[in-house]
**Q** 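Got a structure for you, questions after.
Just so you know, residue 1 is the first one in the sequence shown, and it goes up from there.
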Amino acid sequence: MANFSKSQVPQFSVEVYQNEFLPEGGREVNAIVTVTSTGGGTTGGIPLADAAPAYGAGQGPGAAVVLMVDCSGSMDYPPTKMRTARDATAAAIGTLREGTRFAVVAGTHVAKDVYPGNGRLAVADAQTKAQAKEALRKLSAGGGTAIGTWLRLADRLLNSADVSIRHGILLTDGRNEHESPEDLRAALDSCAGRFTCDARGVGTDWEVKEVTGIAAALLGTADIVADPSGLAADFTHMMENAMGKEVADVALRLWTPVGVEIRFVKQVAPTVADLTARRTEANARAGDYPTGSWGDESRDYHVCVLVPEAGIGQEMLAARVSLILPGPAGAGTPQTLSQGLVRAVWTDDMVASTSINPQVAHYTGQAELAQVIQQGLDARKSGDFDGATAKLGRAVQLASASGNQDTAKLLSKVVDVVDAATGTVRLKAKVAEADEMTLETRSTKTVRVKK
């Protein structure tokens, strides 16, 4: 396995899609920013500064992963659940790239690092993978659930190594009943920005908002595995994605001139995630929004700003969007990977100023889709069936119009669709709990705009 004198990171590109034309007195400027990274690893990337860690992308000590496995008492009901969790974790370990640092944590009302133990990380090779799989066979169910303790232990383990990519995979089958919501929130706050984490709920006895909240706070993915037999494939896929990450801690930096107000910054593809409140100030006119780790992939962000009023014929730079990589260990000069410009031009051409950019229109609808699904399911749970019908009907209409077929299929298990185009639906009298939880968990997944 080769090391490199300079680490390689993907080549980043930024594309801005917007209608820059505003009517006289117009202030709101919307833009979709598409960020794409390609060619990381050993080819096609761009070298970091000499001070960066000297490892190829995701190789050797460049990456570390901690797998957190729920071992609470409920994992014994049915007994096959614990066995499939062990098998899934073993499959994920088998996917680890040689040289990756890793550990396995058994989570109950306390957290225990069951492999390699003693607060250490193992280095993945044929021997350590076999040892880890043997340790998994000894896991048994018993005790409560305190997920914050699992995350804090994962944080200590991951940050014990000098690596660039730090990632967690968390599996739970129950509600976080043995610590307060405040304890979990404090753990998430302390771990945010230190590692990313994918979270999975197995079965139907867990709380969707807890699992999705973990993934959102730690910039990972969340999903349901209703049938435990699907865990091995899901865990393998998650680990393959983690092994594909090549650079961590990339920030979306938004610079705005004096007088411009930021309304929001949201990721809108592949999932909806509001980043507005996660801004950290970079300097007097710029702030950074975290995006987590990147491999070869593309994501879309919706930036909305309010500019000062101006007269016909005037134009201004409304915002500058940059991709920033911090210096080693947070020190040194940050590196600008790519950037794009958001403009505002005032015109008396009504056709130009009233046209909605297709990308902006599409993702505005996708964000509304995620919102009305959540509102509709909450209304249904509270007994407000009229409100639920209206919101879920609107969701069906939006999913149909945008071509989000996966979400449309999930909605059809909760409502009977009379007319998708108008959003006319009837609530189903009986809905399987797994179907409702799947819709809620996946409500933020979006489809890309058709270019």
Side-chain angles (χ1 to χ4, degrees), residues 7 9-16 18 29-37 40 46 48-49 51-53 155 158-159 163-167 188-197 215-220 245-295 297-307 317-342 363 367:
S7 290
V9 300
Q11 180 75 52
F12 281 84
S13 65
V14 171
E15 296 175 278
V16 176
Q18 67 163 135
V29 178
N30 288 276
I32 298 299
V33 179
T34 296
V35 178
T36 303
S37 65
I46 57 176
L48 291 178
D155 183 38
L158 289 168
N159 282 279
V163 295
S164 56
I165 303 292
R166 296 181 175 90
H167 192 75
L188 289 171
D189 288 344
S190 70
C191 295
R194 292 169 63 82
F195 67 95
T196 55
C197 184
L218 302 181
L219 301 175
K245 300 300 183 183
E246 293 150 340
V247 59
D249 301 327
V250 175
L252 191 75
R253 178 168 292 179
L254 188 63
W255 175 91
T256 51
V258 174
V260 173
E261 303 171 34
I262 297 167
R263 285 201 61 200
F264 60 77
V265 176
K266 297 177 182 177
Q267 178 183 286
V268 288
T271 58
V272 176
D274 194 340
L275 303 177
T276 311
R278 304 189 67 169
R279 175 186 174 102
T280 56
E281 299 304 322
N283 55 54
R285 303 297 330 148
D288 291 347
Y289 301 85
T291 68
S293 302
W294 288 75
E297 59 189 297
S298 183
R299 305 179 201 169
D300 292 330
Y301 298 87
H302 186 172
V303 173
C304 179
V305 298
L306 294 177
V307 296
L317 177 62
R320 182 172 62 240
V321 183
S322 307
L323 268 294
I324 301 294
L325 191 66
T333 303
Q335 184 174 351
T336 301
L337 303 174
S338 188
Q339 66 179 26
L341 305 178
V342 180
Y363 286 122

**Q** So which atom in Ala248 and which in Ser164 form the shortest heavy-atom distance, rounded to 0.1 Å?
**A** CB-O, 3.1 Å
**Q** Taking the side chain as every heavy atom from C-beta outward, state whether Ser298 and Thr34 have any atom pair closer than 4.5 Å.
**A** yes
**Q** Arg263: what forms a side chain to side chain donor-acceptor pair (under 3.5 Å) with it, not counting sequence neighbours?
**A** Glu28
**Q** Which pair of heavy atoms, one from Thr336 and one from Ser322, lies closest together, and at what distance?
**A** CG2-CB, 4.2 Å
**Q** Which residues satisfy the side chain to side chain donor-acceptor pair (under 3.5 Å) test with Arg278, sequence neighbours excluded?
**A** none
**Q** Nearest 0.5 Å, please: how far is SG in Cys197 from NE2 in His167?
**A** 6.5 Å
**Q** Who passes side-chain contact (heavy atoms from CB on, under 4.5 Å) against Ser338, sequence neighbours left out?
**A** Phe12, Val14
**Q** Run the side chain to side chain contact (heavy atoms under 4.5 Å, CB included) test on Leu158 and Arg194 for me, step by step, so that the C-alpha distance in whole Å, both residues' side-chain angles and the decisive distance to 0.1 Å come before the verdict.
**A** CA-CA 9 Å; Leu158 289 168; Arg194 292 169 63 82; over 6 Å; no
**Q** Could you tell me whether the side chain of Thr291 reaches within less than 4.5 Å of the side chain of Tyr301, counting heavy atoms only?
**A** yes
**Q** Just to verify, what does Asn283 make a side-chain contact (heavy atoms from CB on, under 4.5 Å) with, not counting sequence neighbours?
**A** Arg285, Ala286
**Q** Looking at Ile165 and Ser293, what are the two nearest heavy atoms and their distance?
**A** CD1-OG, 4.2 Å
**Q** Can you find a pair of side-chain heavy atoms, one from Leu323 and one from Leu252, that are under 4.5 Å apart?
**A** yes
**Q** Kindly write out the residues that satisfy side-chain contact (heavy atoms from CB on, under 4.5 Å) with Arg279, not counting sequence neighbours, or none if the list is empty.
**A** Ile262, Glu281, Tyr289
**Q** List the residues meeting side chain to side chain donor-acceptor pair (under 3.5 Å) with Tyr363, not counting sequence neighbours, and say none if there are none.
**A** Asp300, Arg448
**Q** Ignoring hydrogens and geometry, is there a side-chain-to-backbone donor-acceptor pair from Thr276 to Val265 under 3.5 Å?
**A** yes
**Q** List the residues meeting side chain to side chain donor-acceptor pair (under 3.5 Å) with Asp288, not counting sequence neighbours, and say none if there are none.
**A** Arg253
**Q** Which heavy atom in Thr256 sits nearest to a heavy atom in Ala319, and how many Å separate them?
**A** CG2-CB, 4.1 Å
**Q** Scan residues 265-284 for pairs that pass ring-ring contact (aromatic ring centres under 6.0 Å, His included), counting only residues two or more places apart or in two chains.
**A** none
**Q** Applying salt bridge (charged side-chain N to carboxylate O under 4.0 Å, His left out), name anything that partners Glu297, two or more places apart in sequence or on another chain.
**A** Lys245, Arg299
**Q** I need the minimum non-hydrogen distance between Thr196 and Gly292, along with the two atoms involved.
**A** CG2-CA, 4.3 Å
**Q** Can you name the residues that form a side-chain contact (heavy atoms from CB on, under 4.5 Å) with Gln18, not counting sequence neighbours?
**A** Val16, Glu20, Val29, Ala31, Val342, Arg343
**Q** Is the closest side-chain heavy-atom distance between Leu254 and Val321 below 4.5 Å?
**A** yes
**Q** Heavy atoms only: give me the nearest Ala318-Val307 pair and the separation to one decimal.
**A** CB-CG1, 3.8 Å
**Q** Look up atom CG in Asp274 and atom NE2 in His302, then write down how far apart they are to the nearest 0.5 Å.
**A** 11.0 Å
**Q** Applying salt bridge (charged side-chain N to carboxylate O under 4.0 Å, His left out), name anything that partners Asp249, two or more places apart in sequence or on another chain.
**A** none
